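Notes follow once the structure below has been shown.
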Amino acid sequence: MQPPVTPPDDLSDLLSRARSIAGWSFGELAIMAGIEIPKHFKRHKGWTGQLIELWLGATAGSKPQQDFPELGVELKTIPIDAAGNPLETTYVCYTPLLPVPGSSWQRSNVRNKLSCVLWVPVEGERTLAVEHRRVGSAVLWSPTEEELSLLEQDWNELNDLIIAGQIERITSRHGQVLQLRPKAANGRVLTDAIGEEGQRIKTRPRGYYLRKTFTQAILHRAFYQQE
DNA sequence: GAATGATCATGC
DNA sequence: GCATGATCATTC
């Protein structure tokens with residue numbers, strides 16, 4: 001078995017690829033792909049995501065679009081514990097901190113990215129050696145009306161605060177399902193934003209993240225439906 | 001123990 | 001610096 005060299009032809013091709021790696025360990029998949037296995041992720045935080053991208057035939061790169069543009073599908077690996085619950089929040093995308101003309105929830109990057117996601121659960125407990133961690137069964141998900149509504153509410157609330165110059169008052173506690181948190185190489189990275197008096201200020205870049213309770217519900221529902 | 005805020009690698 | 005891939009580690 002070897003990683004594909006071309007993107008999946010269609011959705012069933014993508015799902016078939018996902019099924020083919022389910023149950024395999026990171027070590028097995030890395031050896032077959034000819035890539036090195038880190039001992040831990042302290043300096044290799046995106047390693048698992050890139051391993052799965054490779055095996056599903058996603059185009060590597062830093063495009064602000066979906067992983068499979070032709071299929072309209074975004075890929076997300078999600079680390080889970082032994083009970084199948086998420087160990088980490090899920091990064092969605094960067095947040096514009098300056099007003100975007102004509103911006104709206106409907107046109108937002110959050111909505112675009114989350115319109116259809118292939119969730120690939122992976123074993124993520126730190127006590128498990130990286131090479132022994134296994135890939136789980138992928139879940140193809142599109143938000144329900146209720147989920148869409150929650151996301152829209154949070155996006156609107158957070159976006160309103162940003163536009164109103166309240167960025168420095170926003171913490172991860174805002175939002176029911178979506179949070180805003182720093183997203184940068186380190187604390188010295190700064191970008192432009194709107195200050196309290198409407199003036200231009202410098203602040204740390206922020207990104208949207210999905211709360212664990214939200215992704216847990218997605219995985220649980222998918223698992224429940226398979227029973 | 002969990003969550004928040006901070007950080008790491010990479011390409012351009 | 002922006003954007004991808006996220007997890008780390010200090011704080012609560």
Side-chain angles (χ1 to χ4, degrees), chain A residues 3 7 21 26 29-30 33 35-69 73-83 85-98 100 108-110 112-114 117-131 133 135-136 138 154 158 162 167-193 200-216:
Chain A
I21 58 169
F26 294 3
L29 293 173
I35 60 178
E36 289 187 16
I37 305 158
K39 285 281 182 288
H40 53 72
F41 291 151
K42 184 172 180 178
R43 295 186 177 277
H44 300 274
K45 297 183 181 182
W47 188 84
T48 310
Q50 287 162 2
L51 178 72
I52 303 303
E53 280 184 350
L54 180 67
W55 277 98
L56 296 185
T59 315
S62 57
K63 292 166 297 191
Q65 292 307 312
Q66 293 153 318
D67 293 292
F68 300 101
V73 175
E74 171 74 9
L75 173 65
K76 288 290 177 198
T77 61
I78 182 163
I80 57 172
D81 64 18
N85 294 323
L87 286 164
E88 297 287 350
T89 54
T90 301
Y91 170 69
V92 180
C93 60
Y94 255 97
T95 325
L97 295 179
L98 292 176
V100 177
S108 72
N109 210 200
V110 174
N112 179 47
K113 289 233 176 179
L114 298 183
V117 177
L118 183 67
W119 297 96
V120 179
V122 295
E123 289 181 330
E125 285 175 333
R126 296 194 202 182
T127 52
L128 243 186
V130 170
E131 60 177 320
R133 297 182 194 177
V135 177
D154 286 349
L158 293 166
I162 293 168
I167 182 64
E168 299 294 11
R169 300 172 104 90
I170 300 176
T171 73
S172 325
R173 297 162 192 85
H174 286 82
Q176 303 171 75
V177 298
L178 210 53
Q179 352 170 254
L180 208 56
R181 306 220 306 274
K183 170 67 173 168
N186 56 59
R188 280 119 257 157
V189 176
L190 297 174
T191 193
D192 289 334
R200 191 70 62 93
I201 62 168
K202 288 286 186 184
T203 190
R204 285 151 37 252
R206 311 295 211 281
Y208 286 111
Y209 292 79
L210 293 175
R211 291 187 180 281
K212 284 193 261 185
T213 47
F214 186 75
T215 51
Q216 177 176 359

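Model, not experiment: these values are computed from the prediction. Numbered from 1 within each chain, the chains take letters A, B, ... in sequence-line order.
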Shortest non-hydrogen separation from [X] to [Y] and the atoms involved:
| X | Y | value |
| --- | --- | --- |
| A:K113 | A:V92 | CD-O, 3.7 Å |
| A:L97 | A:I162 | O-CG2, 3.6 Å |
| A:Y208 | A:Y94 | CD1-O, 4.2 Å |
| A:L178 | A:L158 | O-CD1, 4.1 Å |
| A:L54 | A:A33 | CD2-CB, 3.6 Å |

What nucleic acid atoms does [X] come within less than 4.0 Å of, heavy atoms only: base, sugar-phosphate, or nothing?
| X | answer |
| --- | --- |
| A:R43 | sugar-phosphate |
| A:K76 | sugar-phosphate |
| A:E74 | sugar-phosphate |
| A:F41 | sugar-phosphate |
| A:G49 | sugar-phosphate |
| A:L87 | nothing |
| A:T171 | sugar-phosphate |

- Task: Using atom types as modelled and distance alone, determine if a side-chain donor or acceptor of A:R211 lies under 3.5 Å from a backbone N or O of A:G175.
- Result: yes
- Does any N or O in the side chain of A:D67 come within less than 3.5 Å of the main-chain N or O of A:L75, such that one atom is a donor and the other an acceptor? yes
- Message: When you measure only distances, ignoring hydrogens and angles, does the side chain of A:K183 come within 3.5 Å of the base of C:dG5 through a donor and an acceptor?
- Response: yes
- Go through the N and O atoms of the side chain of A:Y209 and the base of C:dA6, and report whether any donor-acceptor pair is under 3.5 Å. yes
- Item | Contact nearer the 5' end of DNA chain C, comparing A:I78 with A:A185 | A:A185
- Task: For A:P79 and for A:K202, locate the closest nucleotide of DNA chain C by heavy-atom distance; then report the residue assigned to the nucleotide nearer the 5' terminus.
- Result: A:K202
Distance, rounded to the nearest Å, where [X] contributes [atom1] and [N] contributes [atom2]:
| X | N | atom1 | atom2 | result |
| --- | --- | --- | --- | --- |
| A:H174 | B:dG5 | NE2 | C1' | 15 Å |
| A:H40 | C:dC8 | NE2 | C1' | 11 Å |
| A:Y91 | B:dC8 | OH | P | 17 Å |
| A:Q65 | B:dG11 | CD | C1' | 17 Å |
| A:Y94 | C:dG5 | OH | P | 12 Å |
| A:I52 | C:dA6 | CD1 | P | 9 Å |
| A:E36 | B:dT10 | CD | P | 12 Å |
| A:R206 | B:dT4 | CZ | P | 14 Å |

Of the listed nucleotides ([options]), which one gets closest to any side-chain atom of [X]?
| X | options | value |
| --- | --- | --- |
| A:T191 | B:dT7, C:dG1, C:dT7 | C:dG1 |
| A:P64 | B:dA3, C:dT7, C:dA3 | C:dA3 |
| A:N109 | B:dT4, C:dG5, C:dT4 | C:dT4 |
| A:P182 | B:dG5, C:dG5, C:dT4 | B:dG5 |
| A:P205 | C:dT4, B:dT7, C:dC2 | C:dC2 |
| A:R188 | B:dT7, C:dG5, C:dA6 | B:dT7 |
| A:R211 | B:dT4, C:dA6, C:dA3 | B:dT4 |

With the criterion being N/O to N/O and under 3.5 Å, what pairs connect the protein with nucleotides 9-12 of chain C, and how long is each?
{"unit_1": "C:dA9", "atom_1": "OP1", "unit_2": "A:K42", "atom_2": "NZ", "d": "3.2"}

For [N], does either OP1 or OP2 sit under 4.0 Å from a side-chain N or O belonging to [X]?
| X | N | value |
| --- | --- | --- |
| A:T77 | C:dA6 | yes |
| A:K113 | C:dT4 | yes |
| A:Q50 | C:dT4 | no |

- Query: Could you walk me through whether A:N112 and A:E74 pass the side-chain hydrogen bond (donor to acceptor under 3.5 Å, both in side chains) check?
  - Reply: CA-CA 9 Å; A:N112 179 47; A:E74 171 74 9; over 6 Å; no
- Task: Salt-bridge test for A:K202 and A:E168: reply yes if a basic N is under 4.0 Å from a carboxylate O, no otherwise.
- Result: no
